[in-house]
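Worksheet: the structure to be examined is printed underneath.
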Amino acid sequence: SRKFYHDVDRTGGNAGKQKLGLGSSAAVCVATMGVFLELLNIKQELTYFLAAHKHLQQGRGSGIDVVTSFNGGVVEYQCAVHDEPVCRQLVWPAGLHVLPVWTGKSASTIGMLERLANFRKYHTDKYALLMGELSMAGSYLADHWNSGEADALLVGFQDFSERLQTLDQAAAIGIWSDIHQELGRIAGEFDAIYKPSGAGNGDFGLAFSRDQSRLAELGQELSRHDFEVPELDLAPEGLEVSRV
């Protein structure tokens, strides 16, 4: 998983590595499971990989990073409590552009999940209300994705981002950190819709726009503010196991 790390200069000029929030743990989990299933001649089905994730994470988290590592590309994923999870491959819509930006600081997925679990335990009704609204915002995005309506998707991203911020403030999760708020403010100056992303919703942010040139200008502005704007692209391939 070396490619999931970033070269940084430590204090005193010593070079080092810092983990990027791109789901390296999930990628390693999927790759390892894929090898074992291949050696055991067991068909590689998503349910096995999600079961491994659930065991290793003590049931915490949705497993979306495992799903994307397994499938590759863009996926719609709905994790169900009793039924089988729903997963389908999506196509990136024409006219919608995205700019990833690294905050420069790793976030703890486990810590955020624990704070969310405490909020659910002690504020059950409020949790249900806010999560219900967030779920509706996600459903809107899923419904409009395949239509290719970039404008509708930007509206959906804005709504989702705002509802995520409401939940974050109520539960004191720490998703919308000061860094993400600053990034959101700068993105707004370039008419882009911004939301935290990445593993744990802390390491990366995504800025969406229909205007690719404005996103490029945003990237230059973020670089001037000492934010890292890595050259990332969608990887269409998922898990591939080969014998050598």
Side-chain angles (χ1 to χ4, degrees), residues 21-23 61-65 67-68 71-80 85-101 103 107 112 116 126-171 173-177 179-219 222 229 232-236:
L22 292 171
S62 66
I64 181 62
D65 47 359
V67 175
T68 52
N71 285 280
V74 183
V75 297
E76 177 189 353
Y77 173 60
Q78 300 177 40
C79 54
V86 177
C87 178
R88 64 182 178 127
Q89 211 79 22
L90 301 177
V91 176
W92 190 271
L96 180 66
H97 305 285
V98 61
L99 179 76
V101 54
T103 65
M112 290 184 176
L116 180 62
K126 186 69 171 178
Y127 170 89
L129 174 64
L130 295 180
M131 286 298 290
E133 293 177 347
L134 193 62
S135 178
M136 289 177 60
S139 296
Y140 172 92
L141 282 167
D143 292 341
H144 285 79
W145 190 270
N146 282 333
S147 69
E149 300 173 3
D151 288 331
L153 289 172
L154 289 174
V155 171
F157 279 122
Q158 180 67 49
D159 183 49
F160 187 92
S161 183
E162 292 175 354
R163 294 182 187 276
L164 179 64
Q165 191 166 16
T166 300
L167 173 65
D168 180 51
Q169 292 174 346
I173 304 171
I175 297 173
W176 274 94
S177 63
I179 297 176
H180 279 304
Q181 292 183 40
E182 175 68 5
L183 287 168
R185 182 191 64 77
I186 298 173
E189 295 176 354
F190 290 80
D191 303 317
I193 306 301
Y194 178 86
K195 69 176 291 295
S197 186
N201 265 347
D203 307 81
F204 266 84
L206 299 175
F208 297 91
S209 175
R210 292 203 63 182
D211 192 333
Q212 196 167 14
S213 62
R214 288 288 280 168
L215 274 186
E217 293 173 0
L218 171 60
L222 292 174
V229 183
L232 300 177
D233 202 357
L234 292 173

**Message:** Within the 4.5 Å heavy-atom criterion, are Asp203 and Leu22 side-chain neighbours or not?
**Reply:** no
**Message:** Side chains of Ile175 and His180, heavy atoms from C-beta outward: is any pair under 4.5 Å?
**Reply:** no
Minimal non-hydrogen separation, [X] against [Y], with atom names:
{"X": "Val98", "Y": "Pro100", "result": "O-CD, 3.9 Å"}
{"X": "Arg163", "Y": "Ala137", "result": "CD-CB, 3.9 Å"}
{"X": "Ala192", "Y": "Leu218", "result": "CB-CD2, 4.1 Å"}
{"X": "Gly63", "Y": "Tyr77", "result": "C-CE2, 4.3 Å"}
{"X": "Arg210", "Y": "His97", "result": "O-CD2, 3.4 Å"}
{"X": "Gly219", "Y": "Val229", "result": "O-CG2, 3.7 Å"}

**Prompt:** CD of Glu217: more than 12 outside heavy atoms within 6.0 angstrom?
**Reply:** yes
**Message:** Set out, in order, the CA-CA distance, both residues' side-chain angles and the distance that settles side-chain contact (heavy atoms from CB on, under 4.5 Å) for Leu153 and Glu149, then state yes or no.
**Reply:** CA-CA 6 Å; Leu153 289 172; Glu149 300 173 3; 5.8 Å; no
Pairwise distance [atom1]([X]) to [atom2]([Y]) - rounded to 0.5 angstrom:
{"X": "Asp191", "Y": "Leu215", "atom1": "CG", "atom2": "CG", "result": "10.5 Å"}
{"X": "Phe157", "Y": "Leu96", "atom1": "CZ", "atom2": "CG", "result": "6.0 Å"}
{"X": "Gln158", "Y": "Ile193", "atom1": "CD", "atom2": "CD1", "result": "4.0 Å"}
{"X": "Tyr127", "Y": "Leu134", "atom1": "OH", "atom2": "CG", "result": "9.5 Å"}
{"X": "Arg214", "Y": "Leu99", "atom1": "CZ", "atom2": "CG", "result": "12.5 Å"}
{"X": "Trp176", "Y": "Leu167", "atom1": "CH2", "atom2": "CG", "result": "13.0 Å"}

Counting only N and O atoms by type, is there a donor-acceptor contact under 3.5 Å from the side chain of [X] to the main-chain atoms of [Y]?
{"X": "Trp145", "Y": "Val91", "value": "yes"}
{"X": "Tyr140", "Y": "Ala152", "value": "yes"}
{"X": "Asn71", "Y": "Val67", "value": "yes"}
{"X": "Ser139", "Y": "Ser135", "value": "yes"}
{"X": "Ser161", "Y": "Tyr194", "value": "yes"}
{"X": "Glu76", "Y": "Val86", "value": "no"}
{"X": "Ser177", "Y": "Gly174", "value": "no"}

**Full working for side-chain contact (heavy atoms from CB on, under 4.5 Å) between Asp159 and Leu141** = CA-CA 10 Å; Asp159 183 49; Leu141 282 167; over 6 Å; no
